[in-house]
Amino acid sequence: MTAVDTKDQIYQVLETIKDPEIDTVSVLDLGMVEHVEIEGGHVTIKMLPTFSGCPALNIIQGNIERAVKTVENVDSVEVQFIFNPPWTSDRITEKGREGLKQFGIAPPPKYLEEDGSWHVNCPYCNSEYVTMENIFGPTACRSILYCKSCKNPFEAMKPISTLM
Amino acid sequence: MTQKFENPVVELLFQLADDDYLFSYRGSEWLGLAPHIEEDVAFSSITQDTMGHATVYYRLLEGLGLGAADSLAHIRPAAERKNSILVERPNGEGCYMENPRYDWAYAVARSYIYTTAKKIKIDSLKSSSDQSLAEAAVKISMELYYHLLHWKTWFVQLFNATEEARNRMTKALEKVVADSGDLFSFGDAASEITNASLIESEQVLLNRWTEYVKPVFETIKVAVPTFGKPERNGRNGEHTNELQDAIDTMSEVYATDLAAAW
Ligand SMILES: [Zn+2]
């Protein structure tokens, strides 16, 4: 098996590593994987933390190390969290955005208004008629909103940008 | 005799780490006690982010060979801590376990002053000569954006609410200002820290802070406070007894088994 095959397999495995709190999106969908390096049997995976205090990071790290170790020709795995480039919410892929919606979480807005405010649609009925209940939600990366059309409370991924 | 600081980045990292660690600890004592449920969610989220920031700095120290991040956070005694006096002060009378009579006005005033000061430092750190510190600052800045928005809203709204609210905020702000003498200080290591271009000088940062908060203080019709010379300088390890109490509480679990993997 060539190194290219090994890398493909590692990426396939990474596709199965889900956010421990949102099982419809993988670490790849979230744009957290910056770099995979193979040197002999040693694999180094450079990851970008979404939020620096996110308690899921340790769990993700352990899950990746265990899973990637099962790939053929891989003897050891090291996961490193790096800050450069910084993770921003526009790194979430289209597939990731769909996965978030399936879970009832509105994907992060693609644009910020000039005053820094932002707008998302309801993940259930797509209505624009929503209000912000709490910019801080049950986890560091989410806000709590309410849809006035279908009368559901929902969560949205906060926009995170270097412009902030 | 002047003390020599061989590695100014270590001095600065301890100041930044200990500030966020203590600020986060005081925030965590509010858990379940905030004025309403939305605020409880928001405040604890900010507190968690802030502990994340402290962790980033302690890990950088670990990388520099200073010891494990967890033990740097938990078991260093008060005399070795470099946090400002402001963040070590208790939330009010009583204890979070029993009869907490915490002062929300004080929490808002302290959080607003601390968070705006942190914003000014983080912006300066983005151009730090230390690459890892500069990268960490970019990351922290994006989260800090939401914290600032939050505390500014409370700060302005309470000052401009009822007479009682305004009186309580005025008193709380006085208390905060009295403890902020070392907030922008780098202590005895200041010249080494500035000469190494790790961050801009105390005076530059302080002037920038004054400009930054001016529009908000205009909104509440209060003069921008000036900080006096500190009675104790936390950056030099001078602290109140309240700090050791906080460290003891915070490290209680960790200290039960120093070898355990948490
Ligand atoms: Zn809806």
Side-chain angles (χ1 to χ4, degrees), chain A residues 21 31-32 34 46-62 65 79-91 108-109 112-113 115-118 131-146 153 155-164, chain B residues 16-17 20-21 23-24 27-28 34 36-60 63 69-70 119 122-123 125-126 128 130-154 261-262:
Chain A
E21 284 160 330
M32 292 177 74
E34 173 62 12
K46 293 192 171 151
M47 304 275 298
L48 312 180
T50 49
F51 274 71
S52 49
C54 177
L57 295 179
N58 287 339
I59 301 169
I60 291 173
Q61 178 174 2
E65 285 172 352
V79 172
Q80 292 173 0
F81 284 102
I82 58 169
F83 292 124
N84 187 22
W87 182 85
T88 46
S89 51
D90 58 6
R91 292 182 62 102
L112 293 182
E113 304 293 335
D115 63 359
S117 64
W118 44 275
T131 55
M132 173 71 71
E133 295 287 300
N134 195 340
I135 204 152
F136 294 95
T139 69
C141 55
R142 299 187 232 163
S143 299
I144 302 171
L145 294 90
Y146 180 74
E155 293 169 16
M157 284 279 272
K158 275 182 205 164
I160 285 288
S161 136
T162 48
L163 300 173
M164 287 171 163
Chain B
L16 297 166
D20 277 344
Y21 179 81
F23 182 71
S24 178
S28 72
H36 50 69
I37 183 77
E38 284 81 8
E39 182 53 30
D40 215 37
V41 171
F43 199 1
S44 52
S45 188
I46 290 172
T47 296
Q48 188 186 63
D49 286 349
T50 308
M51 193 52 83
H53 304 166
T55 308
V56 168
Y57 299 130
Y58 286 127
R59 290 217 174 113
L60 288 177
D70 277 349
K119 153 85 179 159
I122 286 290
D123 279 351
L125 286 170
K126 287 181 189 171
S128 178
D130 186 283
Q131 185 66 21
S132 317
L133 193 46
E135 287 171 7
V138 171
K139 179 75 200 157
I140 289 169
S141 175
M142 293 189 274
E143 298 171 15
L144 196 60
Y145 171 86
Y146 288 107
H147 305 180
L148 274 169
L149 211 62
H150 185 79
W151 293 122
K152 183 178 124 187
T153 304
W154 269 108
W262 302 102

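Residue numbers start from 1 in every chain, and the chains themselves are labelled A, B, ... in the order their sequence lines are given, proteins ahead of strands. Keep in mind the model is a prediction, meaning the values are calculated, not measured.
- Crowding of B:K126 atom NZ: a count of heavy atoms from other residues, nucleotides or ligands under 6.0 Å exceeding 12.
- Environment of CZ in B:R59: sparse, with no more than 12 heavy atoms of neighbouring residues, nucleotides or ligands closer than 6.0 Å.
- In this structure, chain B has heavy atoms under 4.5 Å from both the backbone and the side chain of A:N84.
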Please test A:T139 against A:C54 for side chain to side chain contact (heavy atoms under 4.5 Å, CB included), starting from the C-alpha separation and ending with a verdict. CA-CA 8 Å; A:T139 69; A:C54 177; over 6 Å; no

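- Side-chain N/O atoms of A:S52 and B:E143 include a donor and acceptor closer than 3.5 Å.
- Residue contact with chain B, scored on non-hydrogen atoms closer than 4.5 Å, involves the backbone of A:T50 exclusively.
- Only the backbone of A:S161 comes within contact range of chain B, with heavy atoms under 4.5 Å apart.
- Residue with the most contacts toward chain A among B:I46, B:L149, B:T55: B:I46 (heavy-atom pairs, distance under 4.5 Å).
- For B:M142, the parts lying under 4.5 angstrom from a heavy atom of chain A are both the backbone and the side chain.
- Aromatic ring pairs are classed by plane angle as parallel below 30°, tilted from 30° to 60° and perpendicular above 60°; the pair B:Y21 and B:Y58 is perpendicular.
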